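Bear in mind that the values here come from a model prediction, so they are computed numbers and not experimental data.
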Amino acid sequence: MNDLIIYSEEQDFAGLAQAFSDEFESDCTLSCEIVTADEEEIRRLNRELRSVDAVTDVLSFPSLDGIYGKKLLKNEFKADWDENGNLFIGSIAICVKRAEEQAREYGHGVKRELCYLAVHGICHLLGYDHMNDADKSAMREKEEKVLNKLGIVR
């Protein structure tokens, strides 16, 4: 079994880490961090790092490039380790206010929306993207699979 550790001071994502356990291949434990941001902070990050001056729901900051579909082997990564010896795959910032708005808009709970945004972000950290239809389909399939494991269905 592959392990993922999610560091987050604001939310409890323990179940989410377990739901991702069979969704990647690795010979080491992976880790990521999820932080929450207010609208001003997420807009600043979006503007400074993506040149998009707008509030968004989630931003992902992968630490590793070119890993989509590949087995992550610890001997291939020299400097990407967290302080606990886990392979750090990146950070995610979620705007809680935007998540609350989207939950109302889509007619489901805030917890479901936060979980979806976290899943979406982790998929990006694992190399998934949605720039073309094929990539988008693969990413949506992975998101739905993980959310179903959590008992979160549409």
Side-chain angles (χ1 to χ4, degrees), residues 1-52 54-103 109-131 135 138-140 142-152:
M1 177 181 284
N2 301 299
D3 291 326
L4 172 66
I5 295 171
I6 299 173
Y7 301 114
S8 179
E9 293 182 7
E10 296 93 359
Q11 302 286 328
D12 178 14
F13 291 108
L16 180 57
Q18 181 64 32
F20 263 100
S21 65
D22 293 325
E23 301 306 321
F24 59 89
E25 289 187 79
S26 178
D27 66 351
C28 56
T29 299
L30 306 184
S31 69
C32 68
E33 77 171 334
I34 300 176
V35 299
T36 57
D38 62 22
E39 290 176 297
E40 181 180 322
E41 178 66 6
I42 203 117
R43 183 177 186 165
R44 182 190 66 77
L45 290 168
N46 206 14
R47 181 180 60 249
E48 290 178 8
L49 301 172
R50 298 182 62 236
S51 299
V52 178
V55 174
T56 190
D57 52 3
V58 62
L59 292 170
S60 300
F61 306 101
S63 295
L64 311 175
D65 290 324
I67 64 169
Y68 174 74
K70 295 181 180 176
K71 184 173 184 175
L72 303 176
L73 303 171
K74 60 183 172 186
N75 65 350
E76 294 180 2
F77 301 96
K78 303 299 180 209
D80 300 297
W81 302 93
D82 69 19
E83 63 275 3
N84 297 312
N86 306 306
L87 181 59
F88 187 71
I89 60 172
S91 301
I92 300 164
I94 297 175
C95 180
V96 175
K97 185 161 193 242
R98 189 69 191 115
E100 292 167 346
E101 292 167 355
Q102 289 175 177
V110 174
K111 181 177 180 178
R112 188 231 184 267
E113 187 65 18
L114 287 171
C115 280
Y116 169 75
L117 294 174
V119 168
H120 184 83
I122 293 170
C123 284
H124 276 303
L125 299 184
L126 290 170
Y128 287 83
D129 212 335
H130 43 81
M131 297 304 286
D135 291 345
M139 187 168 181
R140 295 294 179 252
K142 182 64 69 179
E143 291 168 347
E144 291 297 324
K145 186 175 181 185
V146 172
L147 290 169
N148 284 333
K149 286 181 181 182
L150 292 168
I152 299 174

(message) Using a 6.0 Å cut-off, check whether atom CD of Glu9 has over 12 heavy atoms from anything other than its own residue.
(response) no
(request) Determine whether Ser63 and Ile89 make a side-chain contact, defined as any pair of heavy atoms from C-beta on separated by less than 4.5 Å. (result) no
(request) Not counting sequence neighbours, which residues clear side-chain hydrogen bond (donor to acceptor under 3.5 Å, both in side chains) with Asp57? List them please. (result) Gln102
(message) Going by the rule side-chain contact (heavy atoms from CB on, under 4.5 Å), which residues pair with Asp65 if we only count those two or more places apart in sequence or in a different chain?
(response) none
(request) Please name the pair of heavy atoms, one in Met139 and one in Cys123, separated by the smallest distance, quoted to 0.1 Å. (result) CE-CB, 3.8 Å
(message) Do Thr29 and Asn84 have side chains that approach each other closer than 4.5 Å (heavy atoms only, starting at C-beta)?
(response) no
(message) Angle between ring planes, Tyr116 versus His120, binned at 30° and 60°: parallel, tilted or perpendicular?
(response) tilted
(message) Is the shortest side-chain heavy-atom distance between Glu101 and Glu113 below 4.5 Å?
(response) no
(request) Look up atom OG in Ser8 and atom CG in Leu16, then write down how far apart they are to the nearest 0.5 Å. (result) 10.0 Å
(request) Working to the nearest 0.5 Å, report the span between CG of Asn75 and CG of Asp27. (result) 7.0 Å
(message) Within the structure provided, determine whether Cys32 and Ile122 are in side-chain contact (heavy-atom separation under 4.5 Å).
(response) yes
(request) Using a 4.5 Å cut-off on heavy atoms from C-beta on, say whether the side chain of Arg47 contacts that of Val52. (result) no
(request) Tell me, please, which residues at least two apart from Asp80 pass side-chain contact (heavy atoms from CB on, under 4.5 Å). (result) Leu64, Phe77, Leu87
(request) State whether the side chain of Asn46 and the backbone N or O of Ala54 hold a donor-acceptor pair below 3.5 Å, judged by distance alone. (result) yes
(message) Quick check for you: to the nearest 0.5 Å, what is the distance between Glu25 atom CD and Leu72 atom CG?
(response) 9.0 Å
(message) Taking side-chain hydrogen bond (donor to acceptor under 3.5 Å, both in side chains) as the definition, give me every residue that meets it alongside Arg44, ordered by chain and number, with sequence neighbours left out.
(response) Glu41, Glu48
(request) Report yes if some heavy atom in the side chain of Leu30 is under 4.5 Å from a heavy atom in the side chain of Leu126; otherwise report no. (result) yes
(message) Which heavy atom of Glu143 sits nearest to which heavy atom of Val119, and what is that distance?
(response) CA-CG1, 3.7 Å
(request) Would you name the heavy atoms of Ile92 and Ala118 that are closest together and state the gap between them? (result) CD1-O, 4.0 Å
(request) Could you tell me which residues satisfy side-chain hydrogen bond (donor to acceptor under 3.5 Å, both in side chains) with Tyr68, sequence neighbours excluded, listed by chain and number? (result) none
(request) Working to the nearest 0.5 Å, report the span between OG1 of Thr56 and CZ of Arg50. (result) 6.5 Å
(request) Determine the minimum heavy-atom distance between Tyr128 and Ala138, stating which atoms define it. (result) CE2-O, 3.9 Å
(message) Could you report the tightest heavy-atom contact between Ser60 and Leu125, atom names first, then the distance?
(response) CB-CD2, 4.2 Å
(request) Tell me, please, which residues at least two apart from Ala93 pass side-chain contact (heavy atoms from CB on, under 4.5 Å). (result) Val35, Ile42, Leu45, Phe61
(message) Could you measure the distance from the CD1 atom of Ile67 to the CD atom of Glu76? Nearest 0.5 Å is fine.
(response) 11.0 Å
(request) Report yes if some heavy atom in the side chain of Tyr7 is under 4.5 Å from a heavy atom in the side chain of Asn86; otherwise report no. (result) yes
(message) What's the separation between atom CG in Leu4 and atom CD in Gln18, rounded to the nearest 0.5 Å?
(response) 10.0 Å
(message) List the residues meeting side-chain contact (heavy atoms from CB on, under 4.5 Å) with Lys70, not counting sequence neighbours, and say none if there are none.
(response) none
(request) Sequence neighbours left out, what pairs pass salt bridge (Lys or Arg N to Asp or Glu O under 4.0 Å) with at least one residue falling in residues 31-40? (result) Glu39-Lys97
(message) Run the side-chain hydrogen bond (donor to acceptor under 3.5 Å, both in side chains) test against Asp135 and tell me which residues pass, sequence neighbours left out.
(response) Asn132
(message) Atom NZ of residue position Lys74 - does it have more than 12 heavy atoms of other residues, nucleotides or ligands inside 6.0 Å?
(response) no
(message) Would you say that Leu49 contacts Leu59 through its side chain, given a criterion of any heavy-atom pair below 4.5 Å between the two side chains?
(response) no
(request) Quick one: closest heavy-atom pair of Phe88 and Gly90, and the distance? (result) CZ-O, 3.2 Å
